[in-house]
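This report refers to the structure that appears directly beneath it.
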Amino acid sequence: MTKDTPPKPASDQEHSTSSPNQNRYQQLFHHLAQFGQEHVFGFWDELNDAQRNELIEQLTQLDLHSIEQLFQNSDNAPSIPTDPNSFGEPDGFALNDPRPRFTRDEAIAAGETVLRDGAVGVVLVAGGQGTRLGFSHPKGMYPIGPLSAATLFEILLTKVQAVAKRYGTSVPVYIMTSPATYDETVEFLEENKRFGFLADDLFVFCQGTMPAVDIETGKLLLSTKHSLSLSPDGHGGMLSALDHTGAFEHMCARGIKQLFYMQIDNPLVDVAAVDAIGYHVLSNAGATTMVIRKYDPLEKVGNVAVVDGKTQIVEYSDLPDEVAQLRREDGSLVLWAGNVAVHVWDVSFLRDTAATDTGLPFHYAHKKIPYVDEQGNTIQPAEPNGLKFERFIFDLLPSAQQAILVEVDRKEYFAPLKNPSGAPTDSPEAVRSQMTALHRAWLEAAGVFVAEGVTVEIQPSFASTAEEVANKVDSTTRFVQDYILK
Ligand code: UTP
């Protein structure tokens, strides 16, 4: 079949075979044709019943009208002011603020109270495809421990266990996967005895998907002759997934009022950070977001911007350089706060938004997406050929009644694993080196000697804060060879 000869419905074709799917096929064909998408049936006659079922099932779920509109709007750039005075100062708690609205001690006390009450849950988003890393399993299974080779799942889930133990409570974790990673993730967690979690404390749920389309034509891409190229709908898919998988009901039954959000790729994160949770509840915030002070105006992180009184995060790729470089009269950077993708959400805010909102907006990613062409050949494009549609969870910030930020130290908080070994940034080597630098700093602060060039790894089951390390180690200890504290 060529581009110029679109397929006809099978009933019009000379050698069509009848199948239980035939009626459905006819209806769908006409529906797809209204949107110029009937090419996805190009291989129908070659498919067996199971393959036909799969294709029909996928097509039935599509909202072609929305996809068409998304494609038509894909060139619209978000509008961002260019005058420094159009940006407000974000509300919240910067490091070294001489007169904070609440002191860190007050925040810690408030955070401890909600943690001890069992009112905090953790949501861990782990549904991404991890395409840059190029690992053939869910990213959470990546062995990142510098000496232990502990996986990202093990490190993050053990940190949650440590928090629960510290406050004499339980902290349920809601793990978001995508259809492609769900089974392997569940199997991995079960094989590892859920890392000590009771079954009711680990809620694994699946996000939705969106089809990819051709960048030039908006036509749906096929990944095989009988399936669309589908990808997870972004970490923002969390909102509707929490709603329709019953996770919100689970939180309600468990009395979970605040949700600490983290991503699977950052093993450094201070999980369920007591001070951040405290600032959040003391401020009556619907949303709190942790930020780092950018070391360069053009650093490739999302930027917190306050426009018309609304706090929002603007992706660096959507931000013109001249806006990223804007300064106030005193010389300080206007967009100084970089997103580290760690947030605290008020559960009732999330629930209300999921129930009433038409949905978070979609963002566009231009990607190299392998596809099946009209001749049935699988093409591996050398240049971006496809558009993916993704929702971002931080787009909830502007709707929060009160959105605050809490500045954190990047050395203690942020080491995302994005790229494969050998890449200049965000590689396994970079993440491991940040982990060992932090663990060394904790030990040295406790008076312990760590010889030059020695790698120390502190497992979260031993300690996961500087204070815990100081309480547990003997300051006369000397590490002269690599060592795991467990
Ligand atoms: P990224 O946007 O960095 O994507 O996700 P990724 O899948 O890890 O990597 P690339 O871009 O394909 O190389 C940031 C976080 O959001 C989660 C990821 O699992 C990661 O924790 N995420 C992303 C989802 O849970 N679902 C998605 O649809 C996208």
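Start at 1 and go down the list; that is how both ligands and their atoms are numbered.
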Exercise. For Arg410 and Glu299, what are the C-alpha separation, side-chain angles and deciding distance, and is it a salt bridge (charged side-chain N to carboxylate O under 4.0 Å, His left out)?
Worked result: CA-CA 13 Å; Arg410 72 171 69 220; Glu299 184 177 353; 2.8 Å; yes
Problem set entry | Shell of residues surrounding ligand 1, defined by a 4.0 angstrom heavy-atom cut-off that is strict |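 Close residues (ligand 1, cut-off 4.0 Å): Val125, Ala126, Gly127, Gly128, Gln129, Gly130, Thr131, Arg132, Lys139, Met176, Gln207, Pro232, Asp233, Gly234, His235, Gln263, Ile264, Asp265, Lys418.
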For this session: Assess whether side-chain hydrogen bond (donor to acceptor under 3.5 Å, both in side chains) is satisfied between Glu457 and Ser148, documenting all intermediate values.
Result: CA-CA 8 Å; Glu457 179 182 344; Ser148 66; 2.6 Å; yes
Problem set entry | Any side-chain heavy-atom pair of Val347 and Gln258 under 4.5 Å | no
Exercise. Under a 4.0 Å N-O cut-off, is there an ion pair linking Asp409 with Lys411?
Worked result: yes
Exercise. Which of parallel (below 30°), tilted (30 to 60°) and perpendicular (above 60°) describes His235 and Phe394?
Worked result: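 His235 vs Phe394 ring planes: tilted.
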Problem set entry | Non-neighbouring partners of Thr455 that pass side chain to side chain donor-acceptor pair (under 3.5 Å), sequence neighbours left out |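 Side chain to side chain donor-acceptor pair (under 3.5 Å) list for Thr455, sorted by chain: empty.
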